[in-house]
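Naming convention: chains lettered A, B, ... in sequence-line order (proteins, then strands); numbering from 1 in each chain.
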There are 2 protein chains.
Amino acid sequence: MGKHRHDDHSHGHTDVPLDALKDKLRAGSRKITGPRQAILDVLRRESHPLTNREILQHLGHEECDLATIYRSMHLLGALGLVRKYDFGDGIARFELVRGDDETHHHHLICTACATVVEIDECFPTALEQTIAAQSGFSKLTHKLEFFGVCPKCQ
Amino acid sequence: MGKHRHDDHSHGHTDVPLDALKDKLRAGSRKITGPRQAILDVLRRESHPLTNREILQHLGHEECDLATIYRSMHLLGALGLVRKYDFGDGIARFELVRGDDETHHHHLICTACATVVEIDECFPTALEQTIAAQSGFSKLTHKLEFFGVCPKCQ
DNA sequence: ATTATAATTGCAAACGATTTGCAGGCATGG
DNA sequence: CCATGCCTGCAAATCGTTTGCAATTATAAT
C-alpha cells in the first residue's frame with residue numbers, strides 16, 4: 001500500500017503508548033506497522049471513547065482500511081493498550097489505557113447529545129468481593145455506565 | 001395467520017403481566033394480539049433474560065415470526081412490561097418486569113458457561129445522586145452487569 | 001544490503017442481529 | 001356485522017463486525 005505517512009518521530013512529549021506498543025508487539029512477534037501507530041495516535045489525542053468508524057474518520061479514509069482498524073483494536077485490546085466500552089447502542093468504543101496500571105473508570109453519557117463525562121471513582125470494585133463470596137464466582141469483573149441528561153440538554 | 005393457540009385463560013395463579021399488558025395496550029389504542037400474549041407467557045415462565053431468538057424457540061417457529069418478536073419487544077419495553085439487558089455480546093436480552101414498581105437489579109454472568117445469577121441489591125442507585133450533583137446531569141440511570149467464573153467452571 | 005518468511009493489509013464478500021417496506025390479516029369500536 | 005387501522009409474515013435492506021484471499025510489508029537471518 002505504501003501510503004502510511006507516519007513520520008512524526010520527533011515531537012517533544014514522552015511517547016508512552018507508542019513505546020508500550022513496540023514492547024508488547026515485539027514480545028509477541030507482531031509487527032510495528034503504520035496503521036497500528038496511527039490508531040494509537042488518534043486515541044492518544046482523544047479523551048473519550050471512539051468507535052472504529054470515528055477512528056477511521058480521524059485517520060482519513062485513505063490512511064487505513066476499516067477492517068484493519070477492527071483487527072487492530074482486537075490486538076491492542078489483547079495487549080492491554082486499549083479498553084473497550086459499550087454504551088448500549090451496539091457500537092464498540094475504545095479508549096486508550098493511560099499509565100501502566102489500572103485506569104479503571106466509568107462514563108456518564110448524555111442520552112440527548114451523547115456527551116461523555118468520565119467518572120473517576122469505581123464504586124463496584126469493593127462490592128465485587130461481597131458478590132464473589134456470596135455467589136462462589138471467581139475472577140469478578142463488571143461493566144458499569146451511567147446515563148442521563150447533561151446540563152446543556154435539560 | 002390464524003395459528004396463535006393462546007387458549008390458557010383458565011390457569012389458577014393471578015395473571016398480573018397479562019392484565020397489565022391489556023391495560024397498557026388499551027391505553028395506547030394498541031391491540032391485544034396472540035403473539036404479544038404468548039411472548040409475555042414465555043417471559044413469565046423464565047427467570048433469566050432471554051434473547052429474541054430464544055423466545056422464538058420457546059414459542060416454536062410456527063407460532064410467530066422473529067420480526068414480530070423484535071417489534072413486540074420494542075413495544076413491551078416502551079410500556080414498561082419488559083426490561084432490556086446487555087450482557088456485552090451484542091445480543092439484546094429481555095426479562096419480565098415483575099410487580100408494578102421497581103424490580104431494578106443486575107446480573108452476574110459466568111464467562112465460561114453463560115450461567116446467569118440475579119444480583120438483587122442495586123448498589124449504584126445511592127451513588128447516582130452524588131454523580132448527578134457533581135455533574136449537573138439529571139434523570140440518571142445506569143447499566144451494571146458483573147462477570148466471572150461460576151463454581152462449576154472453576 | 002539482500003533475501004526469506006511470516007505477519008499484515010486492502011478489498012470484497014460473508015455474517016449475524018436488527019430493522020423495515022409492503023400486502024394481506026385481524027382486533028376493536030361503532 | 002363493518003369499517004378502520006393496527007399487526008403480522010415474509011423478504012429484503014441495514015449496520016456493525018468478521019473473514020478469505022492475494023498482494024504487501026516488517027523483521028530476522030544471511
Toward the 5' end of DNA chain C, by each residue's nearest nucleotide, A67(A) or T51(B):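 Taking each residue's closest nucleotide, the earlier one in sequence belongs to A67(A).
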Which residue lies more 5' along DNA chain C, comparing L75(A) with D65(B) via nearest heavy atoms: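 It is L75(A), whose closest nucleotide lies nearer the 5' terminus.
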All side chain to side chain donor-acceptor pair (under 3.5 Å) counterparts of Q129(A), not counting sequence neighbours: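 For Q129(A) there are no side chain to side chain donor-acceptor pair (under 3.5 Å) partners, ignoring immediate neighbours.
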Could you tell me which residues satisfy side chain to side chain donor-acceptor pair (under 3.5 Å) with E128(A), sequence neighbours excluded, listed by chain and number?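 Expected list: H142(A).
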Could you tell me the separation between the [atom1] atom of [X] and the [atom2] atom of [N], rounded to a whole number of Å?
| X | N | atom1 | atom2 | value |
| --- | --- | --- | --- | --- |
| L25(B) | dT28(C) | CG | P | 9 Å |
| M73(B) | dT20(C) | CE | C1' | 19 Å |
| I91(B) | dC15(C) | CD1 | C1' | 13 Å |
| H74(A) | dA7(C) | NE2 | P | 18 Å |
| R36(B) | dC7(D) | CZ | C1' | 6 Å |
| L66(B) | dG16(C) | CG | C1' | 11 Å |
| L56(A) | dC15(D) | CG | C1' | 15 Å |
| I69(A) | dC11(C) | CD1 | C1' | 14 Å |

Can you measure from OG (S138(A)) to CD (Q154(B)) and round to the nearest 0.5 angstrom?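 Between atom OG of S138(A) and atom CD of Q154(B) there are 3.5 Å.
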Looking at R71(A) and dG10(C), is any side-chain donor or acceptor paired with a base atom of the opposite kind under 3.5 Å?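 For R71(A), whose side chain was compared with the base of dG10(C), there is a donor-acceptor pair (under 3.5 Å).
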Examine the base of dT28(C) for any acceptor or donor lying under 3.5 Å from a partner atom in the side chain of K31(B), and report the outcome as yes or no.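 Looking at the base of dT28(C), it does not pair with any donor or acceptor on the side chain of K31(B) (distance under 3.5 Å).
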Hey, is the side chain of T33(B) poking within less than 4.0 Å of OP1 or OP2 on dT8(D), counting only N and O atoms?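 Looking at the OP1 and OP2 atoms of dT8(D), one of them is under 4.0 Å from a side-chain N or O of T33(B).
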dT17(D), OP1 or OP2 - any side-chain N/O from Y70(A) closer than 4.0 Å?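 Yes, within the criterion.
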What bend angle does the helix from dT19(C)-dA12(D) to dG30(C)-dC1(D) show across its length, from five-pair end axes and to the nearest 10 degrees?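 Roughly 30° between the end axes, to the nearest 10°.
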Measure the acute angle between the ring planes of Y85(B) and F87(B), then classify it against the limits of 30° and 60° as parallel, tilted or perpendicular.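 Plane angle between 30° and 60°, so tilted.
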What's the closest nucleotide to the R30(A) side chain, out of dT18(C), dG10(C), dT8(C)?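 The listed nucleotide nearest to R30(A)'s side chain is dT8(C).
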Would you call I69(A) and L59(A) a side-chain contact if the rule is heavy atoms closer than 4.5 Å?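 They are in side-chain contact.
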Just by modelled atom types, is the K31(A) backbone N or O under 3.5 Å from a matching donor or acceptor in the R36(A) side chain?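 Yes, R36(A) side chain to K31(A) backbone: donor-acceptor pair under 3.5 Å.
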Check: H107(B) side chain, V116(B) main-chain N or O, donor-acceptor pair, under 3.5 Å: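 No, H107(B) side chain to V116(B) backbone: no donor-acceptor pair under 3.5 Å.
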